[in-house]
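Atoms within each ligand, like the ligands themselves, are counted from 1 in listed order.
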Amino acid sequence: MLSLVSVPPKNINLYKNLVKQSLLKEIKSVSKKLQKKKIIFINSTSQGGGVAEIMQGIIPLMQGLKIDAQWFVIPPNKEFFNLTKQIHNALQGKPFAFKKQQKDFYCQYLKKVASQMSNMEADLWLIHDIQPLGLISFLPNIHPVISHIHIDTSNPYVPVWDFIKTFLSKYDRIIFSNKNFIHQGLAKNRIKIFPPGIDPLSKKNKKLDLAKAKKILSKVGINTKKPLISQVSRFDPWKDPLGVINIYRTVQNKFPDVQLALVGIFLAKDDPEAEKIYQQVKNKVKEDKNIFLFSNLKQLPKDVDLDIFINAIQTGSDVIIQNSKKEGFGLSCTEAMWKENVVVARPVGGLKIQIQDKKSGFLAENPKQMAQQIIRILENPDLKKKLGRAAKQRVQERFLIIHLLRNYLKLFNELI
Ligand code: UDP
């Protein structure tokens, strides 16, 4: 059975000091027609990763506007999520010999899930990413229906794209976060482009004093008198944590006491690769006492929950690194920018949209450049302040959950 994820409603007026009055007015106006309408959102995990983060922010706000927004996750299944992770990787460009038997399994699993949905009704449906994408083939009546794709499909492995395209073309609208992600074969008039956003009032993103952040970091053994660079990302090949260690080692030549934190707590049920990548990272770290790996909630102090810990890392690190080889958007980057931190990232996908190089962070082409930019920030606190302020402003103007809410509601109005 699909499970319902319960979240309490939230009043949009709470955001009145964070965004323009005109934006809130627009949202209230476009939400009118949607009041009491039932909108069902479906994804594959309630925790871990960007989509769950978006849902935790957006559903309460829609409910606060009296829209009957409901969030369901499909039942977890190891074999199915192993396969969908391979499809996900192939859509980001990794070759994958997709066998007929696997295609059949993808369809059969979703057919079974669909058979448990016969009593579900809605005025509009929104299906996130490719795990539940194929449901459409077994629920021909769920219109209007939107597919929201969060990964970088600019250069997919074509045989897998062709398979996925057969489902995508059944949707009334498809949302991508970047126009470069639109691959061939989709009807242009069905495509919408807008980025996701972060919730500035969540525990993860609310202002945390630097002193408090550092206290939390010291509780997990980090020396707050020494420089700290961090990456907050699932242990995933696309996030290239092994590459982060090489960059850290180059920074060490200049700052021998630099520390590195890699934070990727295993939570996402739909990501079976994390354990394997974590082991590879662990083998590479060896005995280095200045590298801190966080993969398990039990490593956190008892009085600190995960969101506060992430907040502390993003607030208290001297530099944030986002070494993704591909990135649909990268909410981790947005979160750090919102905290006026400087993110040094590869110039890919959503990271390129968020960071204006040398203005609101750094985009670096290769590991050597990345290490150079990190060193530059560690040596120059004034530069950090300047870039950090610009980073926050950029997020405030474009990448908050309120902007996403406006874009969703406008689209829903178009379809209902
Ligand atoms: N995240 C988390 N715990 C971790 C690592 C990441 O809560 O140990 C969160 C992170 O703060 C962000 C989301 O997971 O909100 C990651 O979203 P992003 O878009 O960066 O990447 P995705 O995982 O969706 O590829």
Side-chain angles (χ1 to χ4, degrees), residues 43-58 81 84-85 88-89 91-92 128-131 148-153 176-178 181 195-200 202-206 208 220 230-241 244 261-275 277-278 281 292-300 304-315 317 320-339 341 343 345-346 348-355 395 399-401 404:
N43 80 318
S44 53
T45 177
S46 62
Q47 306 178 69
V51 177
E53 193 68 24
I54 292 166
M55 294 305 289
Q56 273 150 19
I58 207 89
F81 285 153
T84 53
K85 187 71 199 282
H88 168 118
N89 291 343
L91 290 174
Q92 298 214 117
H128 285 288
D129 274 337
I130 49 105
Q131 298 89 343
H148 193 162
I149 300 290
H150 298 270
I151 55 179
D152 177 350
T153 48
F176 294 100
S177 50
N178 187 328
F181 295 173
I198 58 157
D199 184 351
S202 67
K203 269 199 278 183
K204 188 182 278 181
N205 295 318
K206 253 183 145 163
L208 184 66
V220 291
S230 303
Q231 175 162 292
V232 175
S233 279
R234 291 176 294 107
F235 286 98
D236 178 285
W238 300 105
K239 314 278 183 189
D240 196 9
V244 175
L262 291 171
V263 186
I265 306 285
F266 301 157
L267 281 180
K269 287 200 178 127
D270 59 352
D271 184 8
E273 259 181 325
E275 179 72 47
I277 304 296
Y278 174 72
V281 169
F292 299 82
L293 303 181
F294 297 95
S295 63
N296 193 317
L297 279 177
K298 291 199 182 112
Q299 291 172 267
L300 308 192
V304 177
D305 75 8
L306 178 59
D307 284 349
I308 298 286
F309 182 65
I310 303 281
N311 195 335
I313 287 275
Q314 290 168 333
T315 303
S317 297
I320 297 289
I321 182 162
Q322 192 62 51
N323 195 36
S324 312
K325 296 187 219 170
K326 292 247 174 177
E327 191 61 79
F329 189 71
L331 289 173
S332 292
C333 170
T334 332
E335 290 159 1
M337 289 171 75
W338 175 247
K339 289 154 193 137
N341 215 325
V343 183
R346 288 203 212 184
V348 296
L351 303 175
K352 226 166 44 180
I353 294 180
Q354 297 188 62
I355 298 174
V395 174
F399 306 126
L400 294 182
I401 197 87
L404 175 65

Exercise. Would Ile277 and Asp236 count as a side-chain contact (heavy atoms from CB on, under 4.5 Å) if you check the C-alpha gap in whole Å, the side-chain angles of each, and the deciding distance to 0.1 Å?
Worked result: CA-CA 6 Å; Ile277 304 296; Asp236 178 285; 5.7 Å; no
For this session: Return the orientation label for the His150 and His128 ring planes: parallel under 30°, perpendicular over 60°, tilted otherwise.
Result: tilted
Exercise. With no hydrogens and no angle check, do the side chains of Thr334 and Gln354 hold a donor and an acceptor under 3.5 Å apart?
Worked result: yes
Kindly print each ligand 1 N/O atom paired with any protein N/O atom under 3.5 angstrom away, one pair per line, or none if nothing qualifies.
residue  : atom   : partner : partner atom : Å
ligand 1 : 7 (O)  : Lys204  : NZ           : 3.1
ligand 1 : 8 (O)  : Ile265  : N            : 2.7
ligand 1 : 11 (O) : Lys204  : NZ           : 2.9
ligand 1 : 11 (O) : Glu335  : OE1          : 2.7
ligand 1 : 11 (O) : Glu335  : OE2          : 3.4
ligand 1 : 15 (O) : Lys204  : NZ           : 3.2
ligand 1 : 15 (O) : Glu335  : OE2          : 2.5
ligand 1 : 17 (O) : Gly50   : N            : 3.3
ligand 1 : 19 (O) : Leu331  : N            : 2.9
ligand 1 : 20 (O) : Leu331  : N            : 3.1
ligand 1 : 20 (O) : Ser332  : N            : 3.0
ligand 1 : 20 (O) : Ser332  : OG           : 3.2
ligand 1 : 21 (O) : Lys239  : NZ           : 3.1
ligand 1 : 23 (O) : Arg234  : NE           : 2.7
ligand 1 : 23 (O) : Arg234  : NH2          : 3.4
ligand 1 : 24 (O) : Gly50   : N            : 2.7
ligand 1 : 25 (O) : Arg234  : NH2          : 2.8
ligand 1 : 25 (O) : Lys239  : NZ           : 2.8

Seminar exercise, completed: The salt bridge (charged side-chain N to carboxylate O under 4.0 Å, His left out) partners of Asp199 (sequence neighbours excluded) come to Lys10
Exercise. So Asn205 and Asn311, side-chain contact (heavy atoms from CB on, under 4.5 Å) or not? Walk me through it.
Worked result: CA-CA 6 Å; Asn205 295 318; Asn311 195 335; 5.8 Å; no
For this session: Measure the shortest side-chain to side-chain distance between Ile401 and Ile58 over non-hydrogen atoms and say whether it is less than 4.5 angstrom.
Result: yes
